[in-house]
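Worksheet for the structure shown next.
Note that the structure is predicted; figures quoted are calculated from it, not measured. Values below: all heavy atoms of this structure, side chains included; hydrogens, waters and symmetry mates excluded.
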Protein chains: 2
Amino acid sequence: MHLNRFSSFLVRPSIKTIAEQSGVSKTTVSFVLNGRGNEKNISAETQKRVLDIAQRLNYQPNHLARSLSMGRSYTIGFVVPDISNPFFSKIARLVEHYAEERGYSVMVASTDEKPEKEQKILTAFTNRQIDGVIIAPTTELVSSKIANLPMVNFDRNFNDKDDNFVTINNSETANQLTQKLIGKGCQKIGLVGLSSFLPNINERIDGYKEALTNNGLFINQSLIIDVNTNLIKQDVESAIHQLLKEEVDGFLFLNNVLAAEGIWLVNKHYPQLIDKIKFASFDNLDVFDYAKPKVTSALQPGDEIARNCVEMLFKQIEDKEQSGSIRLSTTIIER
Amino acid sequence: MHLNRFSSFLVRPSIKTIAEQSGVSKTTVSFVLNGRGNEKNISAETQKRVLDIAQRLNYQPNHLARSLSMGRSYTIGFVVPDISNPFFSKIARLVEHYAEERGYSVMVASTDEKPEKEQKILTAFTNRQIDGVIIAPTTELVSSKIANLPMVNFDRNFNDKDDNFVTINNSETANQLTQKLIGKGCQKIGLVGLSSFLPNINERIDGYKEALTNNGLFINQSLIIDVNTNLIKQDVESAIHQLLKEEVDGFLFLNNVLAAEGIWLVNKHYPQLIDKIKFASFDNLDVFDYAKPKVTSALQPGDEIARNCVEMLFKQIEDKEQSGSIRLSTTIIER
DNA sequence: ATCTCTTAGTAAACCGCTTTAGTATGTTTA
DNA sequence: TAAACATACTAAAGCGGTTTACTAAGAGAT
């Protein structure tokens, strides 16, 4: 055994310490501290004695030992492509909040949209015995499914079965955003998306196409651009140039990162066009509130997403019950 | 013992399983799997046999058991006021990255600037036996210091001794930002800050005052406003009204949240003034790049902050060595 | 022929908790 | 007056690892 960091001058009290000092067995101490004293017929005096001593020693349970013994760590994982993306960090905050309410802690990690990194993270987390994971996956997660880890997907999903999945009405939202642009007079709308192999992104593209068709506009494949996640800066830049060469009069960005980057580039390279072109974006950003140009955006219900994810996960962990999928509505913010 | 989630149909192999299947003791398996086979005189054949079987069974170590035994969890905590604040979430991402490089996982939590919540989080984390914590504290953390948990402070610090602390040159940066505003013709600069009991905030205020004095401008206390963290929206709104009543021609915001809120409000209530007033903000926001009005901001070196925090923490954890404080430089981005 | 070294391992304690299957004593009930 | 029951507790195994202190067998040195 290694020395732990307390042993040199201060030993963290364990239930053994309490047991010795109160003259009862470890078993009794464990029962009392877990509030099972009455159920287990421990007399009131003994219970009081144990509790007093625990308090006096400022006893804190070793959660690791507890977890090892119970096969439950009361810790969940939150795995996303990039925790510094405001969309994800807002949800992280809320997940943390709802998890804490139930005594769970949260480990986070970013996958960078890389399947190998995702796999590594999931392995590290399951080895740490997390009880479940909330994830915006980058790939199919087959091997973790096999390991039978309770899991809730959000934002995207690769399973054929729409199990344990929290998402938004992607195609409808894209349809509405496109409709707004058309309503503002746009006739030629460029779409800047990414990772079009992601189901949620595909739905967004479908919504966009639907809106065009409904309004008698052409679907022009050269106006639909798929950016490489690993080359966002460069790819968005060439997308902007290309689309403006095609003389688009509106942009639909499929997420906040693309929108922020794209708008910045239009500002930089084509300031004369900035007032003539309309912008719409999936995901809201706080700054859209005051920044120019005005951007029409789709606000995802972060709080509901987080709450549903946590609830679904706990349903799996605690009740061994699977959930179906939930599709939440976005709020279109017109500016 | 509870059944763990595998037991119904699939038992996770343990070193015991490997030991049985390879006909050696648990001890030997442990040595081999930890790469100490040669050191411990385990023959090459035995090592190969053990490793092969481990691989075939797809053995994954139970990190909890390991941690319990070793008194080390290879997990650290990252505790900030609000993980959804981009300043913190960016650092979180980097901390996660540097921690992962060394095989550590990261638990995060938000304190909401509330000391009781901070204390609860720290208790939950230490009970989970984290090896150390990187924290932007809201209070003095006396009790955790007593528990002897390796800890690195960043952004702010309440200890008299400047130990294990990563920060930026607050007063110099505030001075420079103020100077920039003056250089743009401002004569009456309103300061919107918060939590002025925080040492780092105080330094920023000092820098602001210094710049005024150096330029022969008056320090007017009624232009220095302290916002209540729990009432940011309301307080910033009244601050803006009050300062504009005083006819300020420049704003210095002491962090990104205040800046975003303040600029939005000026835009909303005083659009006619937006081009006449100059804005400067501590912390950069991506949107400052393209948003109007132009904001001069101080970019904190997130990567260096994160790297230094992680390094300092590991110095404490692994080498039992304390570090002094590091003060990093910001980059002023003029717009 | 004995002593010492090296090689190749292993038994068992331990980390701190939970839980099962008891025990011992007194109290009812038939 | 023995059997059944309730009360108040406990010993010990187990979770899955790590580590210390040994053992047993063969090789080399004296």
Item to check | Arg72(B) to Tyr74(B), cation-pi by 6.0 Å centre distance and 45° axis angle | outcome: yes

Item to check | Interface with DNA chain C, restricted to residues 16-30 of chain A and to heavy atoms under 4.0 Å | outcome: Lys26(A), Thr27(A), Ser30(A)

Item to check | For Arg36(B), all residues meeting salt bridge (charged side-chain N to carboxylate O under 4.0 Å, His left out), sequence neighbours excluded | outcome: Glu39(B)

Checklist outcome for this item: For Thr28(A), the side-chain hydrogen bond (donor to acceptor under 3.5 Å, both in side chains) test, sequence neighbours excluded, returns Ser25(A)

d([atom1], [X]; [atom2], [N]) in whole Å:
X        : N       : atom1 : atom2 : answer
Asn38(B) : dT6(C)  : CG    : P     : 17 Å
Lys40(A) : dA21(C) : NZ    : P     : 11 Å
Phe31(B) : dT18(D) : CZ    : P     : 10 Å

Item to check | Atom pair OG (Ser67(B)) and CZ (Arg128(B)), whose distance is rounded to the nearest 0.5 Å | outcome: 13.0 Å

Checklist entry - Is DNA chain D part of any stem, that is, at least 3 consecutive Watson-Crick or G-U pairs with both distances under 3.5 Å, and where? => result C:1-29 with D:2-30

Checklist entry - Can you find a side chain N or O atom of Asn34(A) that sits less than 4.0 Å from OP1 or OP2 on dT18(C)? => result yes

Item to check | Short side-chain N/O contact from Arg66(B) to OP1 or OP2 of dG16(D), under 4.0 Å | outcome: no

With respect to the side chain of [X], which nucleotide from [options] is positioned closest?
X        : options                   : result
Ile15(A) : dT19(C), dG17(D), dT18(C) : dT18(C)
Ser69(B) : dG17(D), dT18(C), dT19(C) : dG17(D)
Leu68(B) : dT10(C), dG16(D), dT18(C) : dG16(D)

Item to check | Residues Glu96(A) and Arg102(A) bridged, charged N to O under 4.0 Å | outcome: no

Next on the checklist: Within residues 47-63 of chain A, which residues have any heavy atom lying less than 4.0 Å from an atom of DNA chain D?
Outcome noted: none

Checklist entry - Between the side chain of Asp131(A) and the main-chain N/O of Ser73(A), is any donor-acceptor distance below 3.5 Å? => result yes

Next on the checklist: Heavy atoms only, 4.0 Å cut-off, all strands: where does Ser67(B) land among base, sugar-phosphate and nothing?
Outcome noted: nothing

Checklist entry - Is the centre of the Phe165(A) ring less than 6.0 Å from the centre of the Phe158(A) ring? => result no

Next on the checklist: Could you check, using the six-membered ring where one of them is a Trp, whether Tyr104(A) and Phe314(A) have ring centers closer than 6.0 angstrom?
Outcome noted: yes

Checklist entry - Quick one: on DNA chain C, does Ser43(B) or Ala65(B) contact a more 5' nucleotide (nearest heavy atom)? => result Ser43(B)

Show the distances under 3.5 angstrom between N or O atoms of the protein and N or O atoms of nucleotides 25-27 of chain C.
none

Next on the checklist: Looking only at the side chains, is there a donor atom on one of Asn127(A) and Arg12(B) sitting less than 3.5 Å from an acceptor on the other?
Outcome noted: yes

Item to check | Closest non-hydrogen atom pair between Val24(B) and Val29(B), with its separation | outcome: CG2-CG2, 3.8 Å

Checklist outcome for this item: Between Pro13(B) and Ala44(A), whichever has its closest DNA chain D nucleotide further toward 5' is Ala44(A)

